[in-house]
Amino acid sequence: MRKLNRPTGHRMSMLRTMVSQLVKHERIETTVAKAKEVRCLADNMVQLGKEGTLCAARRAAAFVRGDDVIHKLFTEMAYRYKDRAGGYTRLLRTRIRVGDAAPMAYIEFVDRENELRQAKPATPQAPQRAPLDPWTRSRLTKQMAPPKEDNSQVDI
């Protein structure tokens, strides 16, 4: 975990607030380093929401702030990402901040309305081919050499 040039209490408080605001608004703008940390924590919170157990609810409530955020995690987000195995957030670099030249980025949830960039469609699976019988497979795997050229007659 990055230290982000802050003491532990301040850093954890800032990250908890940022994850809560990300869940609430579904898109926030921050520096790239902070966004990379928030991405990991937000994905973990969505995983807890997908579990849906009492233990998961208590663990999420110990981290995020606000009952409305917990409710959104365990209802709307859990339903939206029920078929997705991971990668719930997207990081988009936007600009260089004027005051200190820090690189800024948007972090947002994928598969939502008004997203900045559409999610890529799933790659189609290649069709299954029937297994070949041993005779055909051995003939296909043999390396056929091209015919040799006749170099015996040399023009003088």
Side-chain angles (χ1 to χ4, degrees), residues 1-134 136-138 140-141 143:
M1 179 176 267
R2 292 172 180 85
K3 293 194 176 183
L4 301 173
N5 202 19
R6 287 168 170 76
T8 306
H10 183 195
R11 180 176 62 245
M12 290 310 294
S13 177
M14 177 190 65
L15 292 174
R16 287 175 59 190
T17 303
M18 290 179 81
V19 169
S20 301
Q21 292 300 310
L22 176 64
V23 172
K24 186 174 183 179
H25 300 289
E26 298 197 7
R27 179 194 307 149
I28 57 174
E29 186 180 22
T30 182
T31 62
V32 173
K34 289 178 192 170
K36 288 179 180 179
E37 288 302 310
V38 169
R39 176 176 54 187
C40 177
L41 297 170
D43 285 354
N44 288 342
M45 291 298 113
V46 174
Q47 275 299 121
L48 290 176
K50 284 174 60 176
E51 283 180 29
T53 62
L54 178 63
C55 178
R58 286 179 175 160
R59 288 175 56 196
F63 190 79
V64 296
R65 298 168 190 232
D67 294 336
D68 56 339
V69 175
I70 295 169
H71 179 68
K72 186 172 183 178
L73 270 175
F74 282 82
T75 55
E76 182 182 333
M77 298 259 181
Y79 179 74
R80 185 190 307 169
Y81 298 120
K82 67 180 184 230
D83 297 329
R84 185 180 278 268
Y88 310 111
T89 53
R90 171 186 302 128
L91 190 116
L92 297 169
R93 294 170 187 261
T94 56
R95 62 189 174 96
I96 301 296
R97 190 161 55 192
V98 175
D100 58 355
M104 302 295 285
Y106 278 117
I107 181 167
E108 67 175 3
F109 283 107
V110 297
D111 297 337
R112 66 179 192 90
E113 301 85 26
N114 301 324
E115 57 186 351
L116 296 176
R117 183 174 49 171
Q118 297 296 323
K120 295 178 184 174
T123 57
Q125 296 292 330
Q128 294 286 336
R129 292 190 296 176
L132 299 175
D133 62 338
T136 309
R137 184 176 32 203
S138 67
L140 289 175
T141 57
Q143 298 275 335

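These figures come from a predicted structure and were not determined experimentally. Reckoned from all heavy atoms, side chains included, excluding hydrogens, waters and symmetry mates.
Looking at Thr75, its side chain does come within 3.5 Å of a backbone N or O of His71 through a donor-acceptor pair. Without hydrogens or angle criteria, Lys50 side chain to Arg84 main chain gives a donor-acceptor distance under 3.5 Å.
Taken from OG in Ser20 to NE2 in His25, the straight-line distance is 10.0 Å, to the nearest 0.5 Å. Rounded to the nearest 0.5 angstrom, Met45 CE and Leu48 CG are separated by 5.0 Å. Put simply, CG on Asn5 and CZ on Arg2 are 14.0 Å apart, with the number rounded to the nearest 0.5 Å. The distance from atom CD of Gln47 to atom OH of Tyr88, rounded to the nearest 0.5 Å, is 3.5 Å. Expressed to the nearest 0.5 Å, how far CD of Gln21 lies from OG1 of Thr30 amounts to 12.0 Å. Rounded to the nearest 0.5 Å, atoms CD (Glu108) and CZ (Arg27) are 5.0 Å apart.
Other residues, nucleotides and ligands contribute at most 12 non-hydrogen atoms within 6.0 Å of the CZ atom of Arg59. Other residues, nucleotides and ligands contribute only 12 or fewer heavy atoms inside 6.0 Å of the CZ atom of Arg58.
Taking both residues in full, the closest heavy atoms of Leu4 and Glu37 are given as CD1-CG, 4.5 Å, listed atom of the first, atom of the second, then distance. Of all the heavy atoms in Leu91 and Lys36, the pair that sits closest is CD1-N, 4.0 Å. Between Val32 and Ala105, the shortest heavy-atom distance links the atoms CG2-CB, 3.9 Å. When all heavy atoms of Ala78 and Gly49 are compared, the closest pair comes out as CB-O, 3.3 Å.
By the 4.5 Å heavy-atom criterion applied to side chains, Leu22 and Ile107 are counted as neighbours. Between Arg65 and Lys24, every side-chain heavy-atom pair lies at or beyond the 4.5 Å cut-off. Looking at heavy atoms from C-beta onward, Met77 lies in side-chain contact with Phe109 at the 4.5 angstrom threshold. Counting heavy atoms from C-beta outward, Thr89 and Val110 have side chains that stay 4.5 Å or more apart. Side-chain contact check for Phe63 versus Asn44: every heavy-atom pair is 4.5 Å or farther apart. Counting only heavy atoms from C-beta outward, the side chains of Thr31 and Arg97 approach each other to under 4.5 Å.
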Report the C-alpha distance between Lys34 and Met14 in whole Å, list the side-chain angles of each, state the deciding distance to 0.1 Å, and finish with yes or no for side-chain contact (heavy atoms from CB on, under 4.5 Å). CA-CA 9 Å; Lys34 289 178 192 170; Met14 177 190 65; 3.9 Å; yes
What do the steps show when you test Arg80 against Glu26 for salt bridge (charged side-chain N to carboxylate O under 4.0 Å, His left out), and what is the final call? CA-CA 13 Å; Arg80 185 190 307 169; Glu26 298 197 7; 2.9 Å; yes
